[in-house]
Amino acid sequence: MYQGIDLNNINLHLEPPTEEPARQYYFMAKCQQWVQAFEQEHSRRPTFFTQTFGCQMNARDSEKLSGILETVGYEEAGSEEADFVIYNTCTVRENANNKVWGRLGYLNGSKKRNPHKKIALCGCMMQEPEVIEKIKKSYPFVDLVFGTHNIYKFAELLAASYGQQGMLIDIWEGTDKIVEDLPAERKYFFKSGINIMFGCNNFCSYCIVPYVRGRERSRRPEDILHEIECLANDGVVEVMLLGQNVNSYGKNLKEPITFAQLLKKIEKIEGIERIRFMTSHPKDLSDELIEAMGNSKKICRHLHLPLQSGSSRVLKEMNRQYGKEQYLALVEKLRLAVPDIALTTDIIVGFPGETEEDFMETMDVVQKVRFDSAFTFIYSKRTGTPAAAMEGQVPESVVKDRFQRLLKEVQEIAAQKAKALTGKVEPVLVEEVNGQDNTLVTGRLSGNFVVHLPGTSDMVGKILPVKLKECKGFYFYGEAAEFPQGS
Ligand code: 5AD
Ligand code: SF4
C-alpha cells in the first residue's frame with residue numbers, strides 16, 4: 001500500500017491506464033505478480049542493490065528506484081550479489097564514467113554465478129549516445145538501460161524487462177513531464193532530499209549537465225509543499241531542496257514564484273526544523289533570498305556557492321555570467337546579512353587556457369573569502385561541450401601542480417575556520433551511530449560541519465545542543481551540553 005493505493009486492487013486484466021502515475025501503479029502491480037511467482041518458486045524474495053554515483057539529485061532518484069522495488073516486494077541486499085543490481089550513473093567528469101565501466105566488469109562475473117541476476121543502468125551517463133554504443137558492443141550482459149528523462153517509468157520498464165530476452169534500452173532525448181506521487185524509500189527517517197526542479201539552462205561551457213538532464217523544469221509549489229507536509233508528518237525534521245540552480249526556481253511556472261517565496265512557505269510547515277538547499281548559482285542569488293536567509297530560524301547557516309574560477313577572464317570563457325569582483329561583493333553582502341554563515345564552493349583547475357595568473361586569481365579569491373570547505377576538481381573534457389573544443393588545454397603536470405597548491409590552501413583555511421568554532425555550544429542533528437565506534441553518534445551543525453560525540457541510537461533524528469570540544473581539521477569531537485542561558 002502506498003498513499004492509499006493497494007496494488008492488489010489493480011485489475012491486471014484491463015489495459016494499462018494512459019495517465020500517470022496510475023499507469024506506473026498498474027505496472028508495479030505487474031511486477032508484484034512476478035515477484036510473488038519468484039518467491040513461490042525459490043522460497044525467498046528476490047533481492048536488489050542500488051549503487052549511486054554522483055550528486056544528491058542522483059541519490060534522490062535512487063531512493064525513488066528503491067521505493068518502487070520495495071513496494072513491489074523486492075528485499076534490499078547489502079551487496080552487488082543481489083538478484084537485481086541497478087547503477088544510477090554520473091557523467092559530470094570522466095572518472096565518474098570510468099568507475100562504472102570498472103564495476104560492470106565485476107558484475108559480469110557475478111551474473112555468471114547467479115542465473116536470475118538482472119543488471120540495469122540508468123542516470124546521466126546513459127544520455128550519451130556513445131555510452132549506449134559501448135554498452136551494446138562491450139557489455140551485452142546488461143538487461144535494462146534507461147536515462148534521466150524516463151526514470152518515472154521505471155516500473156513499466158522493469159515489467160517489460162521480465163518478458164524480454166536480451167537488452168532493453170529506452171532513452172529519451174528530453175521531456176517536460178514531471179510525474180508526482182510515486183513511492184520513494186528514504187535512507188534516513190528524519191531527513192530527506194526533495195527535488196524542486198529538474199534540468200539546467202545555464203550551459204556553463206565545461207558542463208555536460210544541461211545535455212543529459214535537459215532544460216529547467218520547476219515543480220509546482222503546491223506539490224512540493226504537499227510532499228514536505230507528508231514528510232513532516234512522517235517524522236522528517238530536515239529537508240534538502242534539490243536542483244541544479246535553485247535560485248532560478250519558479251521562473252517558468254504558469255504562476256511564477258521566486259525561490260525565496262517558496263522557502264518562506266516551507267518555513268511555515270510545522271515539524272520541519274532545518275531547511276537546506278543546493279545548488280545556488282552566484283548569478284541568480286537574489287537580495288530577496290539573502291534577506292530570507294537572514295530572517296529565517298529554519299534555513300541552515302550554510303550556502304554552497306560554486307566559484308569555479310577566480311579569474312574574470314576564465315569565468316567569461318566558462319559562461320558563468322559573473323566576474324571575480326561580483327562574486328566577492330556577493331560574499332560580502334551575504335556575510336553582512338547572515339554573519340555566521342558557512343560558505344562552501346566548487347572550484348575547477350585547469351580549464352582550457354588557464355594561465356598561472358588566472359590560477360593566482362582563484363587562489364586570491366580563496367584567500368579573501370576563506371571558504372569553510374571547497375570541492376576542488378581537475379577539469380575534465382566532456383565531449384559535446386564548448387570547452388572540449390577550446391584551444392590551450394593545460395598540460396597534466398601543470399594542472400596537477402596547481403591542484404595540489406589549491407588543495408593545500410583550501411584545507412588549511414577550512415581547518416582554521418573549524419578551529420574557530422571550538423568551545424562553542426551548537427545545535428546538532430544526530431544522524432547515525434558512528435560506523436567505526438558504536439559508543440559515538442555522528443551529527444551535523446547547521447553550517448554542515450560533522451561532529452562525533454558519545455551517545456546512543458535513541459539520539460538519532462534529534463536536534464541536540466552539543467559542545468564542540470576538539471577540532472580535528474574537518475570534523476569535531478563534542479559532548480552533549482545545554483544551551484547557555486538566554487541564547
Ligand atoms: N570538469 C571538472 N569539473 C566539473 N564540474 C562540472 N563539470 C566539470 C568538468 N567538465 C564540477 C563543477 C560543478 C561540480 C558539480 O562539478 O565544479 O559545480
Ligand atoms: Fe553545469 Fe553550470 Fe548548470 Fe551547474 S549551472 S549544472 S555547472 S551548466
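The analysis underlying the following values was restricted to heavy atoms, covering all of them including side chains, and did not include hydrogens, waters or symmetry mates. Source: prediction; values computed, not measured. Counting starts at 1 for both ligands and their atoms, in listed order.
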note = CZ (Arg382) and OG1 (Thr91) are apart, to the nearest 0.5 Å, by 4.0 Å

query = Does anything in residues 327-339 pair up under side chain to side chain donor-acceptor pair (under 3.5 Å), and if so which pairs, sequence neighbours excluded?
reply = Asp287-Lys333

Ligand 1 atoms in contact with [X] (distance to a heavy atom under 4.0 Å):
X      : value
Ile348 : 3 (N), 4 (C), 5 (N), 12 (C), 17 (O)
Tyr379 : 1 (N), 2 (C)
Phe377 : 3 (N), 11 (C), 14 (C), 16 (O), 17 (O)

SB check [X] [Y] (cutoff 4.0 Å):
X      : Y      : result
Arg220 : Glu180 : no
Glu227 : Arg219 : yes
Glu412 : Lys408 : yes

Nearest protein heavy atom to [atom], by residue and atom, and its distance?
atom                    : value
atom 7 (S) of ligand 2  : Tyr206 OH, 3.3 Å
atom 16 (O) of ligand 1 : Arg93 NH1, 2.8 Å
atom 7 (N) of ligand 1  : Tyr206 CD1, 3.3 Å

ask   = Applying a 4.0 Å heavy-atom criterion (strictly less than), which segment of Gln308 is in contact with ligand 1: side chain, backbone, both, or neither?
value = side chain

key: Proximity to ligand 1 by part of Val92, non-hydrogen separation under 4.0 Å   = both

Donor-acceptor list for residues 301-309 side chains, cut-off 3.5 Å, not counting sequence neighbours:
{"from": "Arg301", "atom 1": "NH1", "to": "Met293", "atom 2": "O", "distance (Å)": "3.0"}
{"from": "Arg301", "atom 1": "NH1", "to": "Ser296", "atom 2": "O", "distance (Å)": "3.2"}
{"from": "Arg301", "atom 1": "NH1", "to": "Ile299", "atom 2": "O", "distance (Å)": "3.3"}
{"from": "Arg301", "atom 1": "NH2", "to": "Ser296", "atom 2": "O", "distance (Å)": "3.4"}
{"from": "His302", "atom 1": "NE2", "to": "Thr344", "atom 2": "OG1", "distance (Å)": "2.8"}
{"from": "His304", "atom 1": "ND1", "to": "Thr344", "atom 2": "OG1", "distance (Å)": "2.8"}
{"from": "His304", "atom 1": "NE2", "to": "Asp346", "atom 2": "OD1", "distance (Å)": "3.0"}
{"from": "His304", "atom 1": "NE2", "to": "Asp346", "atom 2": "OD2", "distance (Å)": "3.4"}
{"from": "Gln308", "atom 1": "NE2", "to": "Tyr206", "atom 2": "OH", "distance (Å)": "3.2"}
{"from": "Ser309", "atom 1": "OG", "to": "Ser311", "atom 2": "N", "distance (Å)": "3.1"}

What side-chain donor-acceptor pairs closer than 3.5 Å can you find for residues 237-246, not counting sequence neighbours?
{"from": "Glu238", "atom 1": "OE2", "to": "Arg276", "atom 2": "NE", "distance (Å)": "3.1"}
{"from": "Asn245", "atom 1": "ND2", "to": "Ser248", "atom 2": "OG", "distance (Å)": "3.4"}
{"from": "Asn245", "atom 1": "ND2", "to": "Asp284", "atom 2": "OD2", "distance (Å)": "3.0"}

key: Best match, Thr376, Ile378, Val209: closest heavy atom to atom 2 (C) of ligand 1   = Ile378

inquiry  = Looking at Arg402 and Glu354, would you say the former's side chain and the latter's main chain have a donor-acceptor pair under 3.5 Å?
reply    = yes

key: Side chain Gln127, main chain Thr148, donor-acceptor under 3.5 Å   = yes

inquiry  = What I want to know is whether Ser380 and ligand 1 share at least one N or O pair that is separated by under 3.5 angstrom.
reply    = yes

query = Would you say ligand 1 has an N or O under 3.5 Å from any N or O of Asp346?
reply = yes

task = Have a look around atom 3 (Fe) of ligand 2 and list protein N/O/S atoms under 2.8 Å, or say none.
result = Cys200 SG

query = Aromatic ring centroids of Phe377 and Phe403 under 6.0 Å?
reply = no

message = Looking at Glu222, I'd like to know if its CD atom is crowded, meaning that more than 12 non-hydrogen atoms belonging to other residues, nucleotides or ligands lie closer than 6.0 Å.
response = yes

task = State whether Trp172 and Lys177 meet the cation-pi test: NZ (Lys) or CZ (Arg) under 6.0 Å from the six-membered ring centroid, and within 45° of the perpendicular axis.
result = no

ask   = Heavy atom of Arg213 under 4.0 Å from ligand 2?
value = no

